[in-house]
Amino acid sequence: MSWQRFVDYGITEVLGGKGHLAELRLFKSLWTSRLERQAVLRLRLVQMLAHYGHAKLVDRQLAILAMRFGLHVEPRTVIGKGLRLSHPTSIVIGKGLKLGERCKLYQQVTLAAAPLEDEPGMARVGDDVTIFPGAKFVGKGRVGNRVIVGANAVVADVFGDDVVIGGVPARVIRQVRPDERTGSGRPE
């Protein structure tokens with residue numbers, strides 16, 4: 001993730017789309033903003049530092065994420081724009097994953113490392129997905145776009161778009177209604 005992309009994502013995810021004095025406000029947000037914003041900003045900082053090859057700084061930021069939030073993430077994981085961590089505690093995002101745009105993760109979510117496949121990164125989570133507390137993605141588990149994953153669900157299969165899933169193992173509960181909000185998108 002380049003510096004400009006870091007700033008762009010920070011404006012969207014941390015500053016709420018207000019770009020006035022963005023770099024200064026993002027730096028200040030590392031210590032003064034709400035915890036969920038601090039966690040997302042530090043995660044993006046890790047991705048940017050990894051992009052530029054600053055291994056020692058990456059390790060330091062990963063340690064802060066782990067100690068302060070219990071957030072474990074692989075620096076090169078591809079995470080789309082608009083990530084929200086509503087309660088950034090005990091979240092694990094494994095190696096080799098792709099998360100879509102505008103995803104919202106709650107506490108104790110585990111997105112296990114992708115199984116080895118031909119593609120370099122496996123899409124685990126599509127765009128506009130909400131994953132409620134305690135949900136786990138294991139094996140070949142993945143979901144499409146505009147999906148709601150219920151609390152404590154164990155996703156071990158492939159699910160398409162526009163569904164609500166839950167249970168152990170996860171199954172389709174119902175279709176997502178057109179007026180139902182998914183992901184971290186804000187109502188218009």
Side-chain angles (χ1 to χ4, degrees), residues 1-131 135-138 141-142 183-185:
M1 168 180 291
S2 67
W3 168 256
Q4 188 57 51
R5 184 176 242 180
F6 170 76
V7 172
D8 291 344
Y9 279 33
I11 290 170
T12 301
E13 297 169 345
V14 178
L15 302 178
K18 299 172 187 152
H20 180 68
L21 298 173
E23 290 91 349
L24 179 64
R25 290 175 57 217
L26 286 173
F27 181 74
K28 181 181 171 189
S29 293
L30 285 172
W31 295 277
T32 62
S33 67
R34 296 187 339 219
L35 290 179
E36 58 268 19
R37 291 182 180 170
Q38 286 182 36
V40 170
L41 187 58
R42 285 195 187 277
L43 187 147
R44 296 303 188 183
L45 182 61
V46 164
Q47 291 180 313
M48 182 193 66
L49 292 170
H51 172 77
Y52 289 112
H54 298 294
K56 288 184 180 183
L57 292 174
V58 166
D59 291 342
R60 173 79 174 127
Q61 289 302 315
L62 285 173
I64 290 171
L65 280 172
M67 288 186 303
R68 187 155 189 200
F69 303 105
L71 179 63
H72 299 275
V73 63
E74 162 63 34
R76 301 221 186 256
T77 297
V78 178
I79 301 174
K81 193 173 187 176
L83 176 68
R84 296 274 186 246
L85 302 174
S86 292
H87 304 285
T89 56
S90 302
I91 297 173
V92 177
I93 302 173
K95 185 177 181 179
L97 299 181
K98 291 182 184 176
L99 277 69
E101 295 189 356
R102 297 169 305 280
C103 290
K104 187 174 190 177
L105 307 179
Y106 285 86
Q107 69 271 22
Q108 299 178 344
V109 167
T110 299
L111 303 172
L116 298 175
E117 292 189 3
D118 293 338
E119 56 187 286
M122 182 176 98
R124 271 284 195 213
V125 178
D127 296 339
D128 300 306
V129 174
T130 300
I131 304 174
K136 311 289 185 253
F137 283 62
V138 297
R142 58 179 94 176
S184 68

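By convention here, the first residue in the shown sequence is residue 1.
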- Message: If you apply the rule side-chain contact (heavy atoms from CB on, under 4.5 Å), what do you find for Arg84 with Glu13, and how did you get there?
- Response: CA-CA 7 Å; Arg84 296 274 186 246; Glu13 297 169 345; 4.0 Å; yes
- Note on the structure: Correct closest heavy-atom pair for Leu85 and Ala39 would be CD1-CB, 4.1 Å
- Item | Distance-minimising heavy-atom pair for Tyr9 and Ile79 | CE2-O, 3.8 Å
- Rounded to the nearest 0.5 Å, how far does CG of Leu105 lie from CD1 of Ile131? 5.0 Å
- Item | side-chain contact (heavy atoms from CB on, under 4.5 Å) between Leu30 and Arg42, worked out | CA-CA 7 Å; Leu30 285 172; Arg42 285 195 187 277; 3.7 Å; yes
- Task: Drop me the distance from Glu74's CD to Leu62's CG, to the nearest 0.5 angstrom.
- Result: 8.5 Å
- Query: Would you say the side-chain atoms of Arg76 pair up with the backbone N or O of Ala50, donor to acceptor, closer than 3.5 Å?
  - Reply: yes
- Non-hydrogen side-chain atoms of Phe137 and Val125 separated by less than 4.5 Å: yes
- Could you tell me the separation between the CE atom of Met1 and the NE2 atom of His51, rounded to the nearest 0.5 Å? 9.5 Å
- Message: Is it the case that the side chain of Asp127 and the backbone of Glu101 share a donor-acceptor pair, with hydrogens and angles ignored and the cut-off at 3.5 Å?
- Response: yes
- Query: Quick one: does Arg68's side chain get under 4.5 Å of Leu35's, heavy atoms only?
  - Reply: yes
- Task: Heavy atoms only: give me the nearest His72-Ala66 pair and the separation to one decimal.
- Result: CE1-CB, 3.6 Å
- Query: For Arg25, does the CZ atom sit with more than 12 other heavy atoms under 6.0 Å from it, leaving out its own atoms?
  - Reply: yes
- Task: Evaluate the side-chain proximity of Ser90 to Gln108: yes if any heavy-atom separation is below 4.5 Å, no if none is.
- Result: yes
- Task: Calculate, to the nearest 0.5 Å, the distance between atoms CG and NZ belonging to Leu49 and Lys56 respectively.
- Result: 14.0 Å
- Item | Crowding at OH, Tyr52 (>12 non-hydrogen neighbours, <6.0 Å) | yes
- Item | Plane angle bin for Trp31 and Phe27 - parallel if under 30°, tilted between 30 and 60°, otherwise perpendicular | perpendicular
- Note on the structure: Shortest non-hydrogen pair, Ala112 vs Val138, comes out as CB-CA, 4.4 Å
- Find the distance between CD (Gln61) and CD (Gln47) and round it off to the nearest 0.5 Å. 12.5 Å
- May I have the step-by-step check of side-chain contact (heavy atoms from CB on, under 4.5 Å) for Thr77 and Leu111, ending in yes or no? CA-CA 11 Å; Thr77 297; Leu111 303 172; over 6 Å; no
- Item | OG1 on Thr12 to CZ on Arg102, rounded to 0.5 Å | 10.5 Å
- Query: Any side-chain heavy-atom pair from Pro88 and Glu36 closer than 4.5 angstrom?
  - Reply: yes
- Note on the structure: Of all heavy-atom pairs linking Leu83 and Arg44, the shortest is CB-NH2, 3.8 Å
- Please name the pair of heavy atoms, one in Val58 and one in Pro75, separated by the smallest distance, quoted to 0.1 Å. CG1-CG, 3.9 Å
